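Since this is a predicted model, take the numbers as computed values, not measurements. Numbers restart at 1 for each chain; the letters A, B, ... are given by sequence-line order, proteins then strands.
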Amino acid sequence: MSTSAKRACDACHRRKVKCDGGLPCRNCSQASLGCTFNTVPQKKGPKGSRAKVISELREAQRQTQLALKLNERWPIPPSQVLTPGLLTPEIVKGCMDFFFKHMYPNMPIPRREYLEQSLGSLETDGEAYCLVAAFCAFTIIQPGVNVLGEAAGKAAEPSAYPAAGSGAALLEEALRVRRTFDYIDNPSQVTVTTSFFVFGCYFGLEKHNIAWFYLREATTLAQILGMEDENTYAAIDAGESLVRRRLFWLLFVTERSEALASPWLHLAIYR
DNA sequence: TTATTCGGAAATTAAAAACA
DNA sequence: GTTTTTAATTTCCGAATAAT
């Protein structure tokens, strides 16, 4: 590794090139530039308290404790509660590919990373399971969607499980598993998102009364979470807070314009 | 082909924390 | 007090792009 100049001249610094430290330096001479050292270097090193890492660790531990407590209060659904062969990795993959390609621009929730992460814990995390099921149901229920066909670049093949690939079956599964834990008393952003997808499913199935019921449920859960309160955004990281904000406005817009919701939803649905 | 730009890895530096 | 850890800042490599 070559030795660094004790200080690069203003031009070399700006150009991000190695300065030989001469007066003028070789780069400045070649470029016919005045070789100056006018900029005052900033003070290096940390400023203020360095307790940031400790705070981060504390927060991480707090979140873990919280998750453990929630699990105590929401018994993890035993795997036999989940219908085997219904929410297959192929279905989830196909739905994610379709959703993030065609629908995400108009409905930028949830985060793809969250869904991908959830795949590893579907059997132990009831909330995640319900969200993924509702998400897939919503995607499949859109008219003209052939999730497996698009994912494989060919026509969908009949699955071993008769209801696999059926949006209605996945919707029913999400709602059934959801009833096994108390999501109303302990809502989270995931709960709200799930209710929103359930609303979208019923809307797609043309069951408008039930759809509005779940939209109201999503809004009420959002209210319980204080999503309208700007202070609740400060404590979470930027990516999470962005999705939270989007979700809030999605609910706000959808609820405030029930009459407009129909064309809006279908706008989101068709590309 | 040569010159220029610039993202970002590596090096440098200094403040805070840990240790003796 | 000295040493270690951490974070802010600088340097400049090298890939991408523009100019010739």
**Message:** Go through it in stages, so that I can follow the logic: the residues are F196(A) and F199(A), the test is ring pair (Phe, Tyr, Trp, His ring centres under 6.0 Å), and I'd like the CA-CA distance, side-chain angles, deciding distance and then a yes or no.
**Reply:** CA-CA 5 Å; F196(A) 186 75; F199(A) 150 72; 5.6 Å; yes
**Selected nucleotide, minimal atom distance to P41(A) side chain, candidates dT11(C), dC13(C), dT10(C)** = dT10(C)
**Complete:** note: R15(A), atom CZ; dC13(C), atom P; distance rounded to Å ~ 13 Å
**Request:** Establish, with yes or no, whether the OP1 or OP2 oxygen of dC12(C) is under 4.0 angstrom from a side-chain nitrogen or oxygen of H13(A).
**Result:** no
**Complete:** The nucleotide from dT11(C), dC12(C), dT4(B) with an atom nearest the side chain of K18(A) is dC12(C)
**Item:** Candidates dT11(C), dC12(C), dT9(C) - which lies nearest the side chain of R7(A)
**Value:** dT11(C)
**Asked** Where each residue is assigned the nucleotide of DNA chain B containing its nearest heavy atom, which of A31(A) and K16(A) is assigned the position nearer the 5′ end?
**Response** A31(A)
**R26(A) CZ - dT11(C) C1' separation (whole Å)** = 17 Å
**Request:** Decide if atom CZ of R111(A) counts as having more than 12 heavy atoms of other residues, nucleotides or ligands within a radius under 6.0 Å.
**Result:** yes
**Message:** If the threshold is 4.0 Å, N to carboxylate O, is there a salt bridge linking R245(A) and E228(A)?
**Reply:** no
**Fill in**
Answer for the Watson-Crick or wobble partner of dT20(C), both distances under 3.5 Å, is none
**Request:** Using only side-chain N and O atoms of K43(A), determine if any of them is under 4.0 Å from OP1 or OP2 of dA8(C).
**Result:** no
**Request:** Apply the ring-ring contact (aromatic ring centres under 6.0 Å, His included) test between Y202(A) and each candidate in F213(A), F197(A), Y214(A); give the one that qualifies.
**Result:** Y214(A)
